[in-house]
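Input: a single structure, listed below in structure tokens.
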Amino acid sequence: KQEVTQIPAALSVPEGENLVLNCSFTDSAIYNLQWFRQDPGKGLTSLLLIQSSQREQTSGRLNASLDKSSGRSTLYIAASQPGDSATYLCAGTLREGGSEKLVFGKGTKLTVNP
Amino acid sequence: ETGVTQTPRHLVMGMTNKKSLKCEQHLGHNAMYWYKQSAKKPLELMFVYSLEERVENNSVPSRFSPECPNSSHLFLHLHTLQPEDSALYLCASSRQRLAGGVATGELFFGEGSRLTVL
């Protein structure tokens, strides 16, 4: 069964620091990868989607990469700000039991201190 | 504003009550999803509807009953729930792939309905 691991589970950094969040899959047979942000008590906001033919995506200070061969993705946040504080979840689309599913990690809780 | 609206945002119900959660999307998508988010657990996929047809039922107890009357609306009917069903219920939508099957495009989520079962 596909499992998604996000490391670290929690991270606290000072404002301005560059940081990397990690996501890995037990089964590398994923064909797209999506990063989300979730604020406390709220829904998920899509940040970046890496399609099957892509290796990375960039949006502003965010850069996500996907290495299918190793089943790993990273989310790079440059010059972090207190407003970046949230839980970041990765989710991969894969085939399981003849259907396609989006499998989520538990998330990394990020705190950026002013 | 993601284009996916969920109501109510908060719901408290007793174990014998019957209530419904509603989701509406204004994105022109044709696949909709219900997810359950419990504390310290990954999001759990409950149901998937593609072109108003249920294509996924992830071993969800029958006390949860989904309904998708059209591609813009999705309901989750609740009755005789248990306290362990208390969670954040998230609705999402996406565009179905042209190749068929369940949509694998970008997912857009609503704000969620926080359910507490007493």
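Within every chain, numbering begins at 1; the chains are lettered A, B, ... in the order of the sequence lines, protein sequences first and strands thereafter.
- Taking 4.5 Å as the heavy-atom cut-off, the residues of residues 80-90 of chain B that approach chain A are Leu88(B), Leu90(B), ordered by number.
- Phe25(A) is not connected to Ile7(A) by any chain of hydrophobic side-chain contacts under 4.5 Å among Ile, Leu, Val, Met, Phe, Trp and Tyr, and they are in different clusters.
- When hydrophobic clusters are built by joining Ile, Leu, Val, Met, Phe, Trp and Tyr residues whose side-chain heavy atoms come closer than 4.5 Å, directly or via intermediates, Leu110(A) is not grouped with Tyr76(A).
- Counting all heavy atoms, side chain and backbone alike, Gly41(A) lies closest to Arg9(B) at O-NH2, 3.7 Å.
- No part of Gln6(A) comes within reach of chain B, as not one of its non-hydrogen atoms sits under 4.5 angstrom from that chain.
- Hydrophobic cluster membership differs between Phe75(B) and Trp34(B), with clusters built from Ile, Leu, Val, Met, Phe, Trp and Tyr side chains linked at under 4.5 angstrom.
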Legend entry - side chain to side chain contact (heavy atoms under 4.5 Å, CB included) evaluation trace for Leu107(B) with Leu49(A): CA-CA 9 Å; Leu107(B) 249 65; Leu49(A) 170 68; over 6 Å; no
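- In this structure, Leu44(A) CG and Phe108(B) CZ are separated by 12.5 Å, a value rounded to the nearest 0.5 Å.
- If you chain together hydrophobic residues whose side chains sit under 4.5 Å apart, Trp35(A) and Val20(A) never meet in one group.
- Of the listed residues (Gln34(A), Gln38(A), Lys106(A), Lys42(A)), the greatest number of heavy-atom pairs within a distance under 4.5 Å of chain B belongs to Gln34(A).
- For Gln37(B), the part lying under 4.5 angstrom from a heavy atom of chain A is the side chain only.
- Once rounded to the nearest 0.5 Å, the distance linking CD of Glu106(B) with CG of Asn32(A) reads 9.5 Å.
- Residue Leu118(B) belongs to a hydrophobic cluster whose other members are Val12(B), with links defined by side-chain heavy atoms closer than 4.5 Å.
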